[in-house]
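Below you'll find the structure, written out as structure tokens, and then a few comments.
Since this is a predicted model, take the numbers as computed values, not measurements. Only this structure's heavy atoms are used, side chains among them; waters, hydrogens and symmetry mates stay out. Labels below follow one simple rule: chain letters A, B, ... track the order of the sequence lines, proteins then strands, and each chain is numbered from 1.
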Amino acid sequence: MRYSELFISTLKEDPAEAELISHKLMVRSGMIRKLATGIYSYLPVGLKVIKKVENIIREEMNAGGAQEVLLPVLSPAQLWQESGRWALYGEELMRLKDRHQRDFCLGPTHEEVITDLVRQQVRSYRQLPVNLYQIQTKFRDEIRPRFGLMRGREFIMKDGYSFDRDEKGVEVTYQKMYQAYSRIFQRCGLRFKAVEADTGTIGGNFSHEFMVLASSGEEEVVSCRQCSYAVNADKAECRPPQTEPPAFPYAREEAHTPGLKSVPDVAVFLNKPVTVILKTLIIQADNEIILVLLRGDHELHPEKLRKHLNCHEIALADEETVRRVTKAPVGFASPVGIDIHKVIADLTVETMGNFVCGANVEDYHLTDVNWGRDFHIDQFVDIRRVSTQDTCPLCGSGLEINRGIEVGHIFKLGTKYSKMLNATYLDESGQSQIIVMGCYGIGVGRTVAAAIEQNHDQNGIIWPQAIAPYQVLLLPLDVQDKNVLTLVENLYTDLKAAGVEVLLDDREERPGAKFKDADLLGIPLRVNIGARDLAKNQVEIKIRRSGEIFKLVPDDVKNKLMELLGNLS
RNA sequence: CGGGGCGUGGCGCAGCCUGGUAGCGCACCUGCUUUGGGAGCAGGGAGUCGGAGGUUCAAAUCCUCUCGCCCCGACCA
């Protein structure tokens with residue numbers, strides 16, 4: 001491709017709307033352009049990268065035994081009513097009506113459509129297993145679309161669905177998909193972790209999220225430094241503390257703590273470690289007010305609590321409610337003598353004794369408080385956020401916490417949709433059986449964005465070779481010079497003939513401008529061809545990632561490029 | 001949804017408070033000079049100031065409504 005003919009325009013400045021590096025760089029390098037919030041056009045360079053990722057996905061999915069299909073974007077409401085999701089999916093479902101006022105939606109995911117297809121086609125166990133996938137645009141009316149391709153309302157997704165006879169079958173398929181996913185992200189040149197997304201479900205580890213590690217990630221990943229333990233922070237566990245509560249409870253006392261509302265303030269004032277302070281939270285769980293207790297240095301993980309309570313929403317009670325139930329301003333709440341009946345404490349609280357907590361009186365705390373003696377606790381539950389101070393629940397080693405971008409998710413669906421939509425087959429004995437499903441997604445645009453988050457420098461993108469829009473950039477510095485021009489054209493022809501994707505920057509720009517654009521675009525290999533060097537029979541190859549430079553005679557350039565392409569990642 | 005902020009040539013912004021009919025940088029076009037890390041000079045094209053309504057002799061500027069866009073939304077315990 002000749003740059004002069006490429007539909008591209010690069011920007012010197014960051015777009016105002018972009019926050020993330022990947023978003024800024026994708027806009028600046030002319031890969032994407034916004035049409036509306038969370039809705040982007042893919043320009044040629046951007047689309048090229050998208051296609052690269054898609055093809056890697058295709059190859060690995062096919063290798064893993066899946067077959068590609070293409071399902072409609074538009075789907076009739078009936079199907080969604082049948083599965084119950086027309087009512088359940090909520091505002092995120094993009095709904096519309098046709099001219100006859102019939103209800104439709106734009107597919108946010110395709111369980112219904114694929115299950116409908118399979119239930120019509122599959123009659124016998126002989127036809128199973130089936131594993132189908134598609135790469136297609138999805139629509140989700142997100143509450144808060146942001147970060148460019150990272151969280152859009154319209155986005156390209158690979159979604160796959162498997163259909164097996166039974167649990168054993170789906171386990172095999174699941175493992176194949178796990179392997180396929182690992183290879184896909186490896187080939188894309190990403191540093192990632194496959195983390196358990198749902199521990200403790202029937203049958204073991206049957207949901208994994210593939211997380212690309214990046215500080216900008218929206219998810220939190222907890223993993224062990226030693227063993228294979230890796231989970232989403234939502235589900236992270238840790239070893240319960242080994243310490244025992246003190247043998248001798250002291251007599252409870254009151255302490256005057258004027259204006260001290262936070263745990264650290266109280267700890268400093270009373271000259272005690274934060275670990276002997278009890279954190280008392282008044283929580284609104286749907287319509288119920290409950291009391292939640294944590295050690296002073298620990299934080300509540302709302303999602304864990306929400307799951308435990310099996311309710312919809314968890315929030316800190318508002319100030320008014322706190323005043324009403326504690327009869328004190330925010331900051332002095334206490335489980336001692338409070339009129340709340342449901343009291344849940346984190347596991348760690350079990351090991352605490354002679355601790356400090358609020359007094360339900362403004363400017364007062366209580367010291368040497370002990371649970372059991374001074375107040376009642378209903379349940380001890382793991383509800384706190386795991387920290388790097390904690391240890392691995394499996395092996396006891398140290399834990400690390402990283403931020404991650406969820407680029408893929410695989411899970412065993414079971415019979416949820418096949419039951420609802422009546423997708424069955426006849427087994428050997430002529431018995432009707434429900435098909436067991438699995439479901440496998442990859443955010444294609446998000447994977448591209450994640451790749452940039454992991455591969456860039458101050459000057460721009462540094463593409464992993466496998467997903468780079470071009471492998472080689474030919475950069476003639478003097479497009480007027482006959483010798484330069486001849487050499488560059490010959491190289492261009494040769495490389496193309498050798499199957500190398502090459503971009504020739506034939507613009508009559510000054511070298512500086514071309515260099516800047518080259519770095520921004522992030523093509524792995526660049527060939528600088530200038531009249532000055534050429535007079536000395538010399539040409540320069542520069543590696544984008546390392547900055548390494550090779551000076552060679554023109555005749556060696558092609559071979560050196562081919563050699564380098566074989567070694568790059 | 002709640003809170004905050006912003007809409008002015010393709011992009012980034014100033015002008016608004018204190019009304020007088022629009023400006024800067026980048027990009028773009030022409031010419032000359034320049035040419036190894038975003039060149040210089042000269043000339044030029046391009047904006048219903050998001051939209052609607054109102055106040056006024058006069059509105060980018062003041063008022064009302066509306067649409068769009070961006071950011072934040074447990075950490076007080």
Side-chain angles (χ1 to χ4, degrees), chain A residues 8-20 23-24 27-28 30 33-39 90-91 143-148 257 259-267 274 277-285 291-306 313-319 321-323 325-326 328-335 356-360 365 383-385 458-460 475-481 484 507-520 526 528-536 538-540 542 547 549 551:
Chain A
I8 185 175
S9 51
T10 57
L11 299 177
K12 214 182 265 192
E13 287 167 292
D14 285 335
E17 80 224 14
E19 171 110 337
L20 283 196
H23 187 189
K24 288 177 183 171
V27 174
R28 282 189 54 205
R33 178 141 187 156
K34 186 174 72 178
L35 182 61
T37 303
I39 302 177
E91 307 227 62
I143 307 174
R144 196 142 102 78
R146 54 185 146 173
F147 305 145
T257 51
L260 302 174
K261 299 177 174 190
S262 75
V263 166
D265 288 352
V266 171
V274 286
I277 314 272
L278 184 77
K279 196 183 273 195
T280 307
L281 280 66
I282 318 282
I283 296 285
Q284 177 105 36
L291 203 64
V292 171
L293 307 174
L294 294 155
R295 200 170 78 182
D297 57 327
H298 289 160
E299 284 180 66
L300 173 67
H301 196 302
E303 187 56 22
K304 282 183 171 178
L305 178 62
R306 193 193 63 75
E313 228 178 311
I314 290 283
L316 285 175
D318 55 43
E319 215 174 310
T321 310
V322 172
R323 277 184 178 276
V325 299
T326 67
V330 171
F332 300 96
S334 171
V356 176
C357 67
N360 291 334
H365 278 75
I383 49 167
R384 73 177 215 261
R385 180 182 288 280
Q458 288 169 330
N459 297 315
L475 203 155
L477 294 157
D478 316 86
V479 285
Q480 311 289 10
D481 187 287
V484 170
R507 294 174 301 165
E508 290 200 37
E509 285 290 341
R510 298 165 58 83
K514 289 186 170 190
F515 291 150
K516 288 291 181 190
D517 276 337
D519 286 347
L520 180 59
R526 183 172 101 199
N528 295 331
I529 302 151
R532 209 175 61 192
D533 271 3
L534 206 53
K536 294 182 282 181
Q538 210 172 54
V539 169
E540 186 173 280
K542 185 168 185 184
I549 287 173
K551 299 232 180 206

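- OP1 or OP2 of B:C72 lies within a sub-4.0 Å distance of a side-chain N or O belonging to A:Arg144.
- If you check every strand for non-hydrogen atoms under 4.0 Å, A:Ala18 touches nothing.
- A donor-acceptor contact under 3.5 angstrom links the side-chain atoms of A:Lys542 to the base of B:G37.
- A distance of 12.5 Å separates CD of A:Glu299 from CD1 of A:Ile383, quoted to the nearest 0.5 Å.
- Using P as the reference atom, B:C16 and B:C1 are 33 Å apart when rounded to the nearest Å.
- Within 4.0 Å (heavy atoms only), A:Val263 reaches sugar-phosphate atoms of the nucleic acid but no base atom.
- Under 4.0 angstrom from either OP1 or OP2 of B:A27 there lies at least one side-chain N or O belonging to A:Lys12.
- A donor-acceptor contact under 3.5 Å is formed by the side chain of A:Asp519 with the base of B:G37.
- When heavy atoms are screened at a 4.0 angstrom cut-off, A:Glu19 is found touching the sugar-phosphate backbone but no base atom.
- With both pairing distances under 3.5 Å, B:G47 is matched to nothing as a Watson-Crick or G-U wobble pair.
- Nucleotides B:G31 and B:C13 have their P atoms positioned 33 Å apart, rounded to a whole Å.
- Backbone-only contact: A:Glu17 has heavy atoms under 4.0 Å from sugar-phosphate atoms and none from a base.
- Atom CG in A:Leu11 sits 13.0 Å away from atom NZ in A:Lys24 (nearest 0.5 Å).
- Using a 4.0 Å heavy-atom distance criterion, A:Asn528 is classed as a base contact.
- Using a 4.0 Å heavy-atom distance criterion, A:Arg28 is classed as a base contact.
- No N or O donor and acceptor, one from the side chain of A:Asp478 and one from the base of B:G36, sit under 3.5 Å apart.
- Along RNA chain B, the nucleotide nearest to A:Leu281 and the one nearest to A:Pro511 differ in position, and the one closer to the 5' end is contacted by A:Pro511.
- Residue contacts for A:Leu300: at a heavy-atom cut-off of 4.0 Å it reaches a base atom on one of the strands shown.
- For B:C72, the OP1/OP2 oxygens have a side-chain nitrogen or oxygen of A:Arg146 closer than 4.0 Å.
- Side-chain atoms of A:Glu509 and base atoms of B:G38 include no donor and acceptor less than 3.5 Å apart.
- OP1 or OP2 of B:U35 has not a single side-chain nitrogen or oxygen of A:Lys514 nearer than 4.0 Å.
- At the phosphate of B:A39, OP1 or OP2 sits under 4.0 Å from a side-chain N or O atom of A:Arg510.
- The shortest distance between the side-chain N/O atoms of A:Thr37 and the OP1/OP2 oxygens of B:C70 is below 4.0 Å.
- As rounded to the nearest Å, B:A59 and B:U18 have C1' atoms that lie 14 Å from one another.
- Taking a pair to require two hydrogen-bonding distances under 3.5 Å in either a Watson-Crick or a G-U wobble arrangement, B:C24 pairs with B:G12.
- In this structure, A:Arg507 reaches neither bases nor backbone, as no heavy-atom distance under 4.0 Å exists between it and the strands shown.
- At a threshold of 4.0 angstrom between heavy atoms, the contacts of A:Ala333 with the nucleic acid are absent.
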